[in-house]
Amino acid sequence: MDFRFEVLKTDPSGARLGRLETPHGVIETPAFMPVGTLGTVKGLTQESLEALGTQVILANTYHLYLRPGAELIREMGGLHKFMSWPHPILTDSGGYQVFSLSDLRKVTDEGVTFRSHIDGSEHSLSPERAIEIQLALGSDIMMVLDECIEASSSEERAAAAAARTLAWARRSRDYFSEHDDAQRQIMFGIVQGGAHAELRRKSADETVQLDFPGYAIGGLAVGEPHEVTCEMTAQVTARLPADRPRYLMGVGRPEQIVDYVARGVDMMDCVLPTRSARHGCLFTWQGRILIKNACYAKDPRPIDPACPCPTCRRYSRAYLRHLFLSKELLAATLTTLHNVYFYLDIMAEIRKSIRFGNLLGFRSDLQARLENSVSESGAASGTESNR
RNA sequence: GGGGACGUAGUUCAGCCGGCUAGAACGCUGCCCUGUCACGGCAGAGGUCGCGGGUUCGAGUCCCGUCGUCCCCG
């Protein structure tokens with residue numbers, strides 16, 4: 001096996017500095033994984049991702065299965081080769097689509113039946129099939145198929161989804177162990193349990209029994225308050241083995257990420273930096289900028305004067321706003337470049353602060369900076385960064 | 001000189017035989033986005049219907065005048 005995870009240092013907060021070796025390279029943790037659902041981080045080239053220092057990206061089983069198809073990607077030599085990304089890739093199983101495409105699917109113990117959002121055709125995804133597809137894609141880390149539910153779900157509903165996810169995890173593991181000929185991939189189990197602490201603990205314990213090389217925490221940040229996300233995360237990480245990576249799925253905002261890391265999370269992914277960029281919301285060390293706002297029409301400054309990213313080195317807010325209002329493609333590219341850089345930068349700072357045993361200090365600094373800028377009414381304040 | 005069209009939000013236009021609290025699209029302003037169906041979603045501001053008379057219970061809608069724009073014929 002070319003996989004190895006090691007925790008290099010633990011911060012007083014509970015945060016962990018680590019490294020996850022994969023056949024396609026090392027992931028320094030805590031890590032943020034930009035989302036590239038269809039084998040592309042929308043708006044960016046692979047060269048750009050590399051230049052930004054992206055360690056690992058996330059792709060999606062359900063979407064790639066529908067188009068261009070798992071077999072095609074296998075024939076093309078696997079996803080790494082197909083998309084020319086020789087670095088680590090994590091594939092989500094399609095479990096989230098069980099949740100987000102809810103009006104197009106039907107869930108049973110056997111698996112999920114979907115109607116394609118592309119052409120309406122019917123497809124079924126079983127735990128085994130999800131692994132089979134991910135074996136064809138050849139991702140470094142694959143996820144078991146799980147059932148993600150609404151944050152407001154009752155205890156009964158959450159218990160049922162957790163039980164089903166556990167049963168699916170067992171089937172996934174068994175199928176994987178029988179079909180993993182190349183042994184170049186690993187699989188993570190997923191903890192569910194809704195917003196119910198007792199269920200979260202139970203799901204964590206039972207999933208750990210199945211002995212996965214890493215564990216994900218799913219079904220959070222789907223509408224519940226941040227404090228609840230933190231509490232559920234803490235309940236779970238307290239029960240996960242310390243020597244395995246933990247992946248909190250689908251989070252989060254920059255200031256929230258620190259809180260998750262402080263609860264022992266090693267990996268995260270989120271569409272926020274990429275989707276928000278395409279919708280004109282830019283993250284900076286001084287808070288968020290809504291670049292479409294009129295106050296930036298004649299603003300010659302970059303998004304963040306302290307940011308060394310390719311966009312901030314060269315382009316003004318006024319120009320970016322113009323690109324946005326004109327619906328130019330370059331708007332998405334330049335803003336995504338910045339937001340992804342910012343997220344990776346935050347992670348680098350987080351790792352640095354853990355190395356110094358001071359994540360909580362970093363956390364309060366960040367909080368203070370963000371609050372300061374908000375009180376100056378967000379937008380046009382010309383404050384320089386103190387980084 | 002004669003004849004004919006048209007003048008309604010910033011823009012392009014809808015408003016049938018008179019009953020509207022005058023609409024749409026785009027634009028404008030603001031907000032949202034958390035394992036991506038979605039360069040998307042939501043909300044808001046903005047009009048004395050060219051102007052002046054008249055008919056009518058009631059006129060953006062009908063009549064007269066007037067100003068403006070455009071077209072056709074001399």
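Naming convention: chains lettered A, B, ... in sequence-line order (proteins, then strands); numbering from 1 in each chain.
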Worksheet item: Would you call the rings of A:Trp85 and A:His87 parallel, tilted or perpendicular, where under 30° means parallel and over 60° means perpendicular?
Response: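 A:Trp85 and A:His87: perpendicular rings.
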Heavy-atom donor-acceptor pair, [X] side-chain to [N] base, under 3.5 Å:
{"X": "A:Asp146", "N": "B:G35", "answer": "yes"}
{"X": "A:Gln256", "N": "B:U34", "answer": "yes"}
{"X": "A:Thr274", "N": "B:U36", "answer": "yes"}

Worksheet entry | Residue closer to the 5' end of RNA chain B, A:Phe324 versus A:Val35 (nearest nucleotide) |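 Its nearest nucleotide being more 5', the pick is A:Val35.
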Starting at [atom1] of [X] and ending at [atom2] of [N], how long is that distance when rounded to a whole Å?
{"X": "A:Lys42", "N": "B:C33", "atom1": "NZ", "atom2": "C1'", "result": "15 Å"}
{"X": "A:Leu125", "N": "B:G35", "atom1": "CG", "atom2": "C1'", "result": "14 Å"}
{"X": "A:Leu290", "N": "B:G44", "atom1": "CG", "atom2": "C1'", "result": "16 Å"}

Would you please confirm or rule out a distance under 4.0 Å between OP1 or OP2 of [N] and any side-chain N or O of [X]?
{"X": "A:Arg321", "N": "B:C28", "answer": "no"}
{"X": "A:Arg288", "N": "B:C32", "answer": "yes"}
{"X": "A:Arg275", "N": "B:U34", "answer": "yes"}
{"X": "A:Asn293", "N": "B:C31", "answer": "yes"}
{"X": "A:Ser100", "N": "B:G35", "answer": "no"}
{"X": "A:Asn60", "N": "B:G35", "answer": "no"}
{"X": "A:Arg253", "N": "B:C33", "answer": "yes"}
{"X": "A:Gln97", "N": "B:G35", "answer": "no"}

Fill in: A:His117 and A:Tyr62 aromatic centres sub-6.0 Å
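When the ring centroids of A:His117 and A:Tyr62 are compared, they turn out to be within the sub-6.0 Å range.
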Fill in: Distance between C1' atoms of B:A9 and B:C28 (Å, rounded)
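Pairwise C1' distance, B:A9 against B:C28, rounds to 11 Å.
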Worksheet item: What interatomic distance, in whole Å, is found between C1' of B:C37 and the corresponding atom of B:C13?
Response: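 Looking at atom C1' only, B:C13 and B:C37 are 34 Å apart.
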Practice prompt. Output yes when a side-chain donor or acceptor of A:Thr54 lies under 3.5 Å from a complementary backbone atom of A:Leu49, and no otherwise.
Written response: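 The answer is yes, because a donor-acceptor pair under 3.5 Å joins these two groups.
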Discussion item. I'd like to know if A:Arg369 and A:Glu255 make a salt bridge, using a cut-off of under 4.0 Å between side-chain N and carboxylate O.
Written reply: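 Not counted as a salt bridge, because no side-chain N and carboxylate O are separated by less than 4.0 Å.
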